[in-house]
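Below is one structure, written out as structure tokens; comments come after it.
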Amino acid sequence: MRFLLSVVFIVGSWSVGFSQTIESERPKLVVGIVVDQMRYDYLTRFYDKYAEGGFKRLLTHGFSLENAHFNYIPTYTAPGHASVYTGTTPSVHGIIGNNWYDKKLKKEIYCVDDPNYRSVGSSAGGEKSPYRMLTTTITDELKLAQNRQGKVIALSIKDRSAVLPGGHTADAAYWFPGGEEGKFITSTYYRESLPKWVIDFNASGKAKEYLNTTWNTLEDISTYTESMADNNIFEGLFNGKKTPTFPYNLKKLKKKNGNYDLLKAVPFGNSIVKDFAEAAIVGEELGQGSVTDFLSISFSSTDYVGHKFGPDSKEIEDTYIRLDRDLASFFKFLDEKIGKGKYTLFLTADHAVSQVPAYLETLKIPAGYFDGSKLKNRLNMITQKEFNLPMDSLIENTSNNQLFFNKEALKRHDLNVEDVSAKLANELISYETIHRTVTANTLQNTEFSTGILKRLQKGYNQKFSGDVLWIPNPSTIWGGETGTTHGSGFNYDSHVPILFYGKGIKTGISKRRVSITDIAPTLSNLLKISFPNGATGTIIEEVLEE
């Protein structure tokens, strides 16, 4: 009996000691940074323009994964943020796009719309929640591991870029709708009123100050040798501008460009998010308690600028130079408020982006554009030829490079879904701008282990996705011939930075291929908590200190 009591005492003491060790090893604050539409090569192309305290600080004193990719299609904002924080792909977490066709409701839906909630801080724009995301996030698991202690705050310009990273249990998510109101808002999903620090920030006049300035290059424009001529035919225009050239008088342009919507589309949109993040740390006292807090930040203005001007523009170069300065300021703030060595940070992107196809064509690089009208004509020819029926009678919706069938119509005409799918897929492969086609039936019954179809399969969700899916040719996009977009599984859309820094992180570089879904399991291991419940990624062991 005496021996048993001794064993129990020893085990109990060890258990308490181990628990205390875990708690002391956890950082006071985890900061997750997602830069919207950041290609990996922005780290290297603009390296000489960066200051020592921003991107270079992470590269020099943190761990850089140089061969990190998204491992699914489509590479859009909502799936990107969901995948970073859940550690899995749309096939599991269910966020298959920013918008997608709901087969049950028979209409297009938006990823975070939720009519069960209302706006807080504004009359509209806050009817949001994460309920469409089917799995937990790293932020959820941290909440659960600490018995709901510790705070989770998520913020961004875009609602989806705050709501999804915050997970289901966030204390708050904030976003900036723009329009006539230059302020951050939230949803009753999180709280019934804005806290005082948010009210004070909105009343500070920062948004108005940024909007009433002029966007010129931070450095002499002649030194921006990493980008093409400022005035070129491949870039889009703000309303009221005749050329896509510096300077941009925002005060003069704002009325014709949605007022505070314009702030989103210039580098100062990132600056106000940085300012708001600092206000959140102070207002919520993040990193000051005995448990770990989590702050999720998404910088969205890089995406707006990239879409309009493209990755080879002086505008995108200046945007990243300015973001680098904002990051340097923010990291210094973290050192002062949280303390060096007391926080852990990661930086990645939700997707990258294609170069402007029209520009690539001038260089004789294969590229092009999808013509929706031509595709519809081709589909109509196929359905008339194969089934003696017009396209609209069989195909209910065409979106996100997918066809959704009208199942009731198929039954009425005694048509089998698998047969119709196979015939359409076989015919569409001959379409000039389509690279691959595949049916839902194939994705459900065949496991692709390599290649582009493996990525498509990881983005396919049996419950939500369409009946026939296709992949456009490389560097082929939907849209006009100025600016660009993303969404494919090719390297220009999938290759992004992953940088870790701070407590528990080694200094180093790895060229091993890793997936974006590996971030959440790696953080989970560092924090000694459960993986998100749907996670399919793996721990990036070389990043973590022993």
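- Between the side chains of His93 and Ser83, at least one donor N or O lies within less than 3.5 Å of an accepting N or O.
- Evaluated for a side chain to side chain donor-acceptor pair (under 3.5 Å) with Asp493, the options Ser475, Ser488, Ser354 yield exactly one hit, Ser488.
- Ser313 and Glu235 share no side-chain donor-acceptor pair at under 3.5 Å.
- A parallel orientation is assigned to the rings of Phe370 and Trp478, their planes being inclined by less than 30° (bins at 30° and 60°).
- The aromatic rings of Phe464 and Trp100 sit tilted, their planes meeting at an angle between 30° and 60°.
- Across Ile382 and Leu424, no two heavy atoms sit closer than the pair CG2-CD2, 3.5 Å.
- For the residue pair His69 / Asn67, a side-chain donor-acceptor distance below 3.5 Å is found, with atom types taken as modelled.
- Scanning all heavy atoms of the two residues, the minimum distance from Glu315 to Thr319 falls at O-OG1, 2.8 Å.
- Heavy atoms only, all atoms of each residue included: Ala367 and Pro357 are closest at CB-O, 3.7 Å.
- Remark: Asp36 engages Lys158 in a salt bridge (charged side-chain N to carboxylate O under 4.0 Å, His left out) (not counting sequence neighbours).
- Using a 4.5 Å cut-off on side-chain heavy atoms (C-beta onward), Leu428 and Leu379 make contact.
- Residues satisfying the ring pair (Phe, Tyr, Trp, His ring centres under 6.0 Å) test with Phe405, not counting sequence neighbours, are none.
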Query raised in the report: Is there a side chain to side chain contact (heavy atoms under 4.5 Å, CB included) between Phe294 and Tyr85 once you walk through the steps?
Result: CA-CA 12 Å; Phe294 200 114; Tyr85 280 83; 3.7 Å; yes

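- Environment of NZ in Lys411: sparse, with no more than 12 heavy atoms of neighbouring residues, nucleotides or ligands closer than 6.0 Å.
- The list of salt bridge (charged side-chain N to carboxylate O under 4.0 Å, His left out) pairs with a residue in residues 461-474, not counting sequence neighbours, reads Lys407-Asp467.
- Defined by atom type and a distance below 3.5 Å, a donor-acceptor pair is missing between the side-chain atoms of Thr517 and Thr536.
- Of all the heavy atoms in Thr77 and Asn98, the pair that sits closest is N-OD1, 3.5 Å.
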Query raised in the report: Do Leu347 and Val35 pass the side chain to side chain contact (heavy atoms under 4.5 Å, CB included) test, and can you show the C-alpha distance, the side-chain angles, and the key distance before you say yes or no?
Result: CA-CA 7 Å; Leu347 183 148; Val35 182; 4.2 Å; yes

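- Annotation: side chain to side chain donor-acceptor pair (under 3.5 Å) contacts of Glu226 (sequence neighbours excluded): Lys49.
- Two residues are said to be in side-chain contact when any heavy atoms from C-beta on lie closer than 4.5 Å; Phe276 and Lys274 fail this criterion.
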**Report entry** His486/Phe70 under ring pair (Phe, Tyr, Trp, His ring centres under 6.0 Å): CA gap, chis, key distance, verdict
**Finding:** CA-CA 12 Å; His486 48 84; Phe70 279 86; over 10 Å; no

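- Every residue two or more places apart in sequence or in another chain was checked for a salt bridge (charged side-chain N to carboxylate O under 4.0 Å, His left out) with Glu541, and none qualifies.
- Ring orientation note: the planes of Phe46 and Tyr50 are nearly perpendicular, at an angle over 60° on the 30°/60° scale.
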Query raised in the report: Going through the checks in order, is the side chain to side chain contact (heavy atoms under 4.5 Å, CB included) test met by Thr139 and Leu142?
Result: CA-CA 5 Å; Thr139 46; Leu142 182 60; 5.8 Å; no

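- For Lys103 and Phe404, the positive end is not near the middle of the six-membered ring at less than 6.0 Å and at most 45° from its axis.
- Nearest heavy-atom pair, Pro267 versus Arg322, reported as atom, atom and distance to 0.1 Å: CB-CD, 3.6 Å.
- With sequence neighbours excluded, the residues that form a salt bridge (charged side-chain N to carboxylate O under 4.0 Å, His left out) with Lys385 are Glu427.
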